[in-house]
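To keep things clear, I will list the structure first and then write my remarks on it.
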Amino acid sequence: MTRLSALGVALAMLALSLSGCDTGDPSDPDTTIRRVIITEIIVDDAPLLRENGDDWDGGAFGVGEEPDIFVELVNDDTGSFLFDPPVDNFSNVDANDFPLVWSSSPGPDEETLDETVFTRFNTNLAVDLYDEDPELTKGDDDFMGSTEAFNLQDLVDGDRPQFLRLESADGEIQVSLRLRYES
């Protein structure tokens, strides 16, 4: 391949990769957003009892009754899993433990989060919460609920908030995301 044709291929690939990005304000080229990064997930509230009033883990004598909460970011349109933090959970969560924080730069009471980078913004996303169950006893983790869906394109085209507050339809789950936008 000649240098000229290689340059043509590279330019075509660049043009295609930019076509899926926010165009920003046409009068101000510095407003074009190419990446949205989730740097922190904060669970401010979650149901500590099941809908019927039972404990999540059904522990005996007050042991192991509190949920062991972990989160997943999902494609709300397909239900497909996008990521979860690289830690197991926050164990035996009670009301005094909130907020639960997964962060890309964690403090002493926070769990680690790998930054999640999006270069396409037209997917509807939601945060699902689960109670982790030990494999040897119950096996399947219990779905606690999900936030209402949000769309990154709406944020990029709108006021580009640094924090996005999400809730479940019944208001029992409250989650905040810290976002960073890059040109």
Side-chain angles (χ1 to χ4, degrees), residues 5-47 69-90 99-106 110-132 140-183:
S5 62
L7 178 62
V9 168
L11 288 174
M13 289 174 59
L14 177 63
L16 284 174
S17 68
L18 294 178
S19 66
C21 295
D22 171 55
T23 56
D25 180 353
S27 64
D28 183 2
D30 291 335
T31 64
T32 301
I33 299 299
R34 303 220 190 297
R35 298 169 16 130
V36 176
I37 298 119
I38 297 175
T39 62
E40 199 168 69
I41 298 175
I42 305 159
V43 176
D44 296 305
D45 201 7
I69 297 176
F70 70 95
V71 296
E72 289 184 350
L73 185 65
V74 297
N75 179 326
D76 194 59
D77 298 324
T78 64
S80 62
F81 156 83
L82 297 175
F83 94 92
D84 64 352
V87 296
D88 292 331
N89 59 46
F90 279 89
L100 310 177
V101 179
W102 288 267
S103 177
S104 60
S105 54
E110 300 172 352
E111 296 294 343
T112 301
L113 169 73
D114 290 334
E115 287 185 345
T116 304
V117 179
F118 293 91
T119 57
R120 295 177 187 231
F121 311 135
N122 60 353
T123 303
N124 292 316
L125 306 171
V127 177
D128 289 351
L129 268 65
Y130 289 88
D131 167 45
E132 183 178 48
D140 292 327
D141 298 324
D142 300 312
F143 178 70
M144 298 178 76
S146 184
T147 65
E148 293 189 13
F150 65 99
N151 188 287
L152 291 175
Q153 189 67 55
D154 294 340
L155 303 177
V156 168
D157 290 344
D159 60 359
R160 300 177 186 161
Q162 285 186 325
F163 286 96
L164 178 62
R165 180 103 168 131
L166 306 168
E167 289 190 358
S168 58
D170 62 9
E172 286 194 10
I173 294 175
Q174 298 172 2
V175 175
S176 298
L177 303 177
R178 182 186 296 265
L179 305 167
R180 188 173 73 231
Y181 304 86
E182 293 182 353
S183 301

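Side-chain atoms of L73 and I38, non-hydrogen and from C-beta on, do get closer than 4.5 Å to each other. Between S183 and T32 the shortest side-chain heavy-atom distance does not fall below 4.5 Å.
Counted by atom type alone, Q174 and R165 present one or more donor-acceptor pairs between their side chains at under 3.5 Å. A donor atom on one side chain and an acceptor atom on the other are not found under 3.5 Å apart for T123 and N75. For the residue pair D44/S176, the side-chain donor-acceptor check at 3.5 Å is satisfied.
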Test R160 against L155 for side-chain contact (heavy atoms from CB on, under 4.5 Å), laying out the working first.
-> CA-CA 5 Å; R160 300 177 186 161; L155 303 177; 5.9 Å; no

I would like to know whether L179 and L164 meet side-chain contact (heavy atoms from CB on, under 4.5 Å); could you show each step before the answer?
-> CA-CA 8 Å; L179 305 167; L164 178 62; 4.1 Å; yes

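Note that CG of L177 and CD of Q162 are 13.0 Å apart. Values are rounded to the nearest 0.5 Å.
Classified by interplanar angle (parallel below 30°, tilted 30° to 60°, perpendicular above 60°), the ring pair F90/W102 is perpendicular.
With hydrogens and angles disregarded, a donor-acceptor distance shorter than 3.5 Å links the side chain of Y181 to the backbone of P161. Checking side-chain atoms of S168 against main-chain N and O of T147 turns up no donor-acceptor pair under 3.5 Å. With hydrogens and angles ignored, the 3.5 Å screen pairs a side-chain donor or acceptor of T78 with a backbone N or O of S80.
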